[in-house]
There are 2 protein chains.
Amino acid sequence: MQTPENETNYSASKYRTPDGAPADIVIFTITSTEKPTAKKSLPNRELQVLLIERKQWPFTGQWALPGGFSKETETILESAKRELWEETGVDDVHIEYFNVYSAPNRDPRGWMISHAFFALVHEDDLARRRADDDAADVRLFPVEKALRMELAFDHRQILTDALQRVRQQMMTTTIAKEFLPDEFTMSELYQVIQTVVPEFEDKNFIRKITSTQSRKGIIEEVKDRNGQPKLSNQYSQRAAQLYRFTDVVPTLSIYS
Amino acid sequence: MQTPENETNYSASKYRTPDGAPADIVIFTITSTEKPTAKKSLPNRELQVLLIERKQWPFTGQWALPGGFSKETETILESAKRELWEETGVDDVHIEYFNVYSAPNRDPRGWMISHAFFALVHEDDLARRRADDDAADVRLFPVEKALRMELAFDHRQILTDALQRVRQQMMTTTIAKEFLPDEFTMSELYQVIQTVVPEFEDKNFIRKITSTQSRKGIIEEVKDRNGQPKLSNQYSQRAAQLYRFTDVVPTLSIYS
DNA sequence: TCAATAGTGTCTTTAAGACATTATAAC
DNA sequence: GTTATAATGTCTTAAAGACACTATTGA
């Protein structure tokens, strides 16, 4: 089917080709800080995004999303994972492709078609982060603050889109688990959801998740080896039931 | 910030760059054929995908998704819309980006990072379709058949992914309207959903959509100028209420 | 004791699910 | 009357929503 005669007719060099295919990553984490007031209480949580300060042209000195150019020998996803590893020292976390950015002149270096991912990382995993060759500084910013900053390239748009996607995924998938330990209390889960989606509110949250089918099998109570309910009093005087996510993948429908 | 001194340090030509950024489009339509048996009855519907037969190397003679190379002066979305226009003569339809395909050697012509879209087109709009320069033939195939064919490049994977995405969107968004007239009966809607998502079944479908909040405001009854319910007897002896989609964008949550 | 979080009781309303029944009108 | 689709009646069960109330235990 692929005859040499035909092959000679094609030459990529006849066409203008892209100058690069970068992968940019919006790395989200939730930081926890102790409430100064109380002894045992739920921490304050805040959604943060990792930015780097550029030390090279273009946009030298400005904050930007971490990213780097894809190589011919890897997929874009592999580039993104490599970049995530280089930037934070973490792998094996939730990373998800969400959009492509290809507006002409979005990058003064040339025709750059950028592939945007978001990653969800535990705060603890980011301890190892450090400045690398391309960055003068690496730092976490509260997303609300980052959205008000003048970021390099079209990175504010990318961040905006990423945030929208993560919020949607938070409500429709079980990605909340990426920000939680394996076993967690309902209060923790509720707090994590609210940290990502501030407008989420449900006065009967515990009741609703607890009362059978509503949770659709996505969450189950943790029992100890004796089959007794496993509790935690990490955040409260009264011990709370621990839950975990099951492997069930929820499916939603507007036509119920 | 962007000093000439720094600019001179960057040269795209130092790096291996992609040989092209194609956009490939999975064009879906639903064909309707009269049931031979009955006089007035719902048509048989089938989900179809548009494929082209390649007349050039590589994969000469094989069926492939329509697509083409993106230009430096346009976004990838614009490329896809241009390609859709060239291939089918339609514009202004639902077109949506869903993934990137970047496996090394996925294209024998070189390092090609492909951007995949799906488009949903009314059967009527495809009347104008025709073969163009790149294609020996253009034809609709039932998706189930297309999935069993040996398509060019990684197009079977792209088609598989597109179908999965369209099925998910069919259940969670109002894209059913892309396959329906502005005003439609509940039977038509139900049939369109089932055409795309065969396993969907709901014995009480009409009842459920009809009984208030369940439809979450996404669908409303059509009234005539006198405020009377507007009916259609196109598909049945007994006239059926017509409905339309509102502009409400449904939001779903696993945490209800 | 109180503070902070966890969890239950109770009642009302709404929706889901099943399934039989009735309605309409062309033929 | 038959046929094909449209729509309602009725009953049962499950879930949502509100909100007051009780529980636990360290400080």
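Chain identifiers are assigned alphabetically (A, B, ...) following the order of the sequence lines, protein sequences preceding nucleic acid strands; residue numbering begins at 1 within each chain. Since this is a predicted model, take the numbers as computed values, not measurements.
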Colleague: Would you kindly give the CD-to-C1' distance between E34(A) and dA4(C), to the nearest whole Å?
Modeller: 14 Å
Colleague: NZ of K203(A) versus P of dT10(C): gap in Å, rounded?
Modeller: 22 Å
Colleague: What is the separation between atom CD on E201(B) and atom C1' on dA18(C), rounded to the nearest whole Å?
Modeller: 13 Å
Colleague: So which nucleotide from dG7(C), dA16(C), dA23(C) ends up closest to the side chain of K208(B)?
Modeller: dA16(C)
Colleague: If you pin N233(A) and E188(B) to their nearest nucleotides in DNA chain D, which one's is more 5'?
Modeller: E188(B)
Colleague: Roughly how many Å is it from CD1 in I206(A) to C1' in dC19(D), rounded to a whole number?
Modeller: 15 Å
Colleague: Below 30° counts as parallel, above 60° as perpendicular, anything between as tilted: where do the rings of F200(A) and Y190(A) land?
Modeller: perpendicular
Colleague: Quick check on the 6.0 Å ring-centre criterion: do H115(B) and H115(A) meet it?
Modeller: yes
Colleague: Donor-acceptor pair under 3.5 Å: do we get one between R207(A)'s side chain and the base of dT10(C)?
Modeller: yes
Colleague: Could you tell me whether the side chain of R238(B) has a donor or acceptor atom within less than 3.5 Å of a complementary atom in the base of dA23(C)?
Modeller: yes
Colleague: Test of understanding: with side-chain hydrogen bond (donor to acceptor under 3.5 Å, both in side chains), list the residues that count as partners of E144(B), not counting sequence neighbours.
Modeller: none
Colleague: Expressed in angstrom and rounded to an integer, what is the separation of Q237(A) atom CD from dT22(D) atom C1'?
Modeller: 17 Å
Colleague: Here's a test of your reading of the structure: between A240(A) and N204(A), which maps to the more 5' nucleotide of DNA chain C?
Modeller: A240(A)
Colleague: Is the F141(B) ring parallel, tilted or perpendicular to the W63(B) ring (thresholds 30°, 60°)?
Modeller: perpendicular
Colleague: F205(A) has an atom CZ; how far is it from atom P of dG7(C), in whole Å?
Modeller: 12 Å
Colleague: Without decimals, in angstroms, what is the distance between D202(B) CG and dA7(D) P?
Modeller: 16 Å
Colleague: Rounded off to whole Å, could you give me the CG-to-C1' distance for the L242(B) and dT5(D) pair?
Modeller: 14 Å
